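Heads up: the structure comes next, in structure tokens.
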Amino acid sequence: EVQLVESGGGLVQAGGSLRVSCAASGFTFDDYAIGWFRQAPGKGREGVSWVSSSSGRTWYTDSVKGRFTISSDNAKNTVYLQMNSLKSEDTAVYYCAAVEDRPVLLWDPKGIDYWGKGTLVTVSS
């Protein structure tokens, strides 16, 4: 019953922008921090960003700070990742993920409660 469904991936030119979405269902949205990992071919999953809708807290990995913005629409149970100034290094499958909210969050794949199936983002040079 629990689902995280990503959308919005595609092909974009370097320097361009793209917004990916994660629609959540089957669990209490406000009890979880929801965000994104990404995985390039041959590499492990890297934490990108998360948001706690209940507290308003956000986190970004250093490589995307100033370029990506995460937001949450509680009425739609949807989290968005606005990606600007995209680089070729951002090319990856982007996975939505959810973890039960807590004061200290470790955005690590081993601690994730729910996963989406991913959406591919390709940045061309």
Side-chain angles (χ1 to χ4, degrees):
E1 187 179 16
V2 172
Q3 289 190 83
L4 296 171
V5 181
E6 303 96 334
S7 62
L11 177 65
V12 63
Q13 294 181 349
S17 298
L18 198 67
R19 188 181 74 164
V20 290
S21 303
C22 174
S25 61
F27 62 95
T28 303
F29 187 81
D30 290 345
D31 290 341
Y32 286 78
I34 301 177
W36 300 88
F37 290 80
R38 64 186 181 186
Q39 188 167 23
K43 298 182 179 179
R45 291 192 184 189
E46 173 193 22
V48 179
S49 180
W50 57 257
V51 59
S52 168
S53 61
S54 61
S55 69
R57 294 181 298 156
T58 60
W59 172 87
Y60 302 89
T61 193
D62 287 345
S63 63
V64 308
K65 287 180 180 177
R67 300 189 297 120
F68 291 11
T69 303
I70 194 165
S71 61
S72 179
D73 186 337
N74 290 6
K76 296 183 178 180
N77 287 354
T78 300
V79 168
Y80 306 94
L81 185 68
Q82 178 67 45
M83 301 181 288
N84 298 327
S85 301
L86 282 162
K87 306 174 181 179
S88 60
E89 299 97 305
D90 298 316
T91 295
V93 176
Y94 282 71
Y95 295 92
C96 186
V99 64
E100 187 177 352
D101 204 358
R102 63 201 69 185
V104 178
L105 283 174
L106 182 62
W107 200 242
D108 187 281
K110 295 181 179 179
I112 295 300
D113 295 317
Y114 308 120
W115 289 98
K117 294 182 179 179
T119 185
L120 178 62
V121 172
T122 303
V123 183
S124 63
S125 60

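The model shown is predicted, which means the values in this text are computed figures rather than measured ones. Quick note: numbers below take in every heavy atom, side chains included, and nothing from hydrogens, waters or symmetry partners.
Criterion: ILVMFWY side-chain heavy atoms under 4.5 Å apart, direct or through other members. Under it, Val99 and Phe27 are not part of a common hydrophobic cluster. Leu18 and Val93 are assigned to two separate hydrophobic clusters, defined by single-linkage of ILVMFWY side chains at heavy-atom distances under 4.5 Å. Note on Tyr95: it does not cluster hydrophobically with Phe68, by side-chain heavy-atom contacts below 4.5 Å among ILVMFWY residues.
At least one donor-acceptor pair closer than 3.5 Å links the side chain of Asp113 to the backbone N or O of Glu100. Here the side chain of Arg57 pairs no donor or acceptor atom with the backbone of Ser52 at under 3.5 angstrom. Looking at Glu6, its side chain does come within 3.5 Å of a backbone N or O of Lys117 through a donor-acceptor pair. For Arg102 (side chain) and Ala33 (main-chain N/O), no donor-acceptor pair under 3.5 Å exists by modelled atom type. In this structure, the side chain of Thr91 engages the main chain of Val123 through a donor-acceptor pair within 3.5 Å.
Taken to the nearest 0.5 Å, the CG atom of Asn77 stands 12.5 Å off from the OH atom of Tyr32. The distance from atom OH of Tyr60 to atom OG of Ser49, rounded to the nearest 0.5 Å, is 4.5 Å. Here OG of Ser72 is found 6.5 Å from CD1 of Ile34. Values are rounded to the nearest 0.5 Å. From Leu4, atom CG reaches atom OG1 of Thr78 across 10.5 Å, with rounding to the nearest 0.5 Å.
Proximity of Phe29 to Val79: side-chain heavy atoms (C-beta onward) are separated by under 4.5 Å at one or more points. Residues Val64 and Arg38 meet the side-chain proximity criterion, which asks for heavy atoms closer than 4.5 Å. Leu81 has its side chain within reach of Ile70: a pair of non-hydrogen atoms, C-beta onward, lies under 4.5 Å apart. Proximity of Trp107 to Ile112: side-chain heavy atoms (C-beta onward) are separated by under 4.5 Å at one or more points. Taking the side chain as every heavy atom from C-beta outward, Lys87 and Ser63 never approach each other to under 4.5 Å. You'll find the side chain of Leu105 stays beyond 4.5 Å of the side chain of Trp59, heavy atoms only.
Heavy atoms from other residues, nucleotides or ligands lying under 6.0 Å from CD of Gln82 number more than 12.
Using modelled atom types, one finds no donor on one side chain facing an acceptor on the other under 3.5 Å when comparing Asp30 with Ser54.
When each of Trp36, Tyr94, Phe37 is paired with Trp115, the ring pair (Phe, Tyr, Trp, His ring centres under 6.0 Å) condition holds for Phe37 and for no other.
One finds a salt bridge joining Lys65 and Asp62 here, because a Lys/Arg side-chain nitrogen approaches an Asp/Glu carboxylate oxygen to under 4.0 Å.
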Next on the checklist: side-chain contact (heavy atoms from CB on, under 4.5 Å) for Val121 and Met83? Distances and angles first, verdict last.
Outcome noted: CA-CA 10 Å; Val121 172; Met83 301 181 288; 3.9 Å; yes
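The minimum heavy-atom distance linking Ser17 with Asn84 is given by the pair OG-OD1, 2.8 Å.
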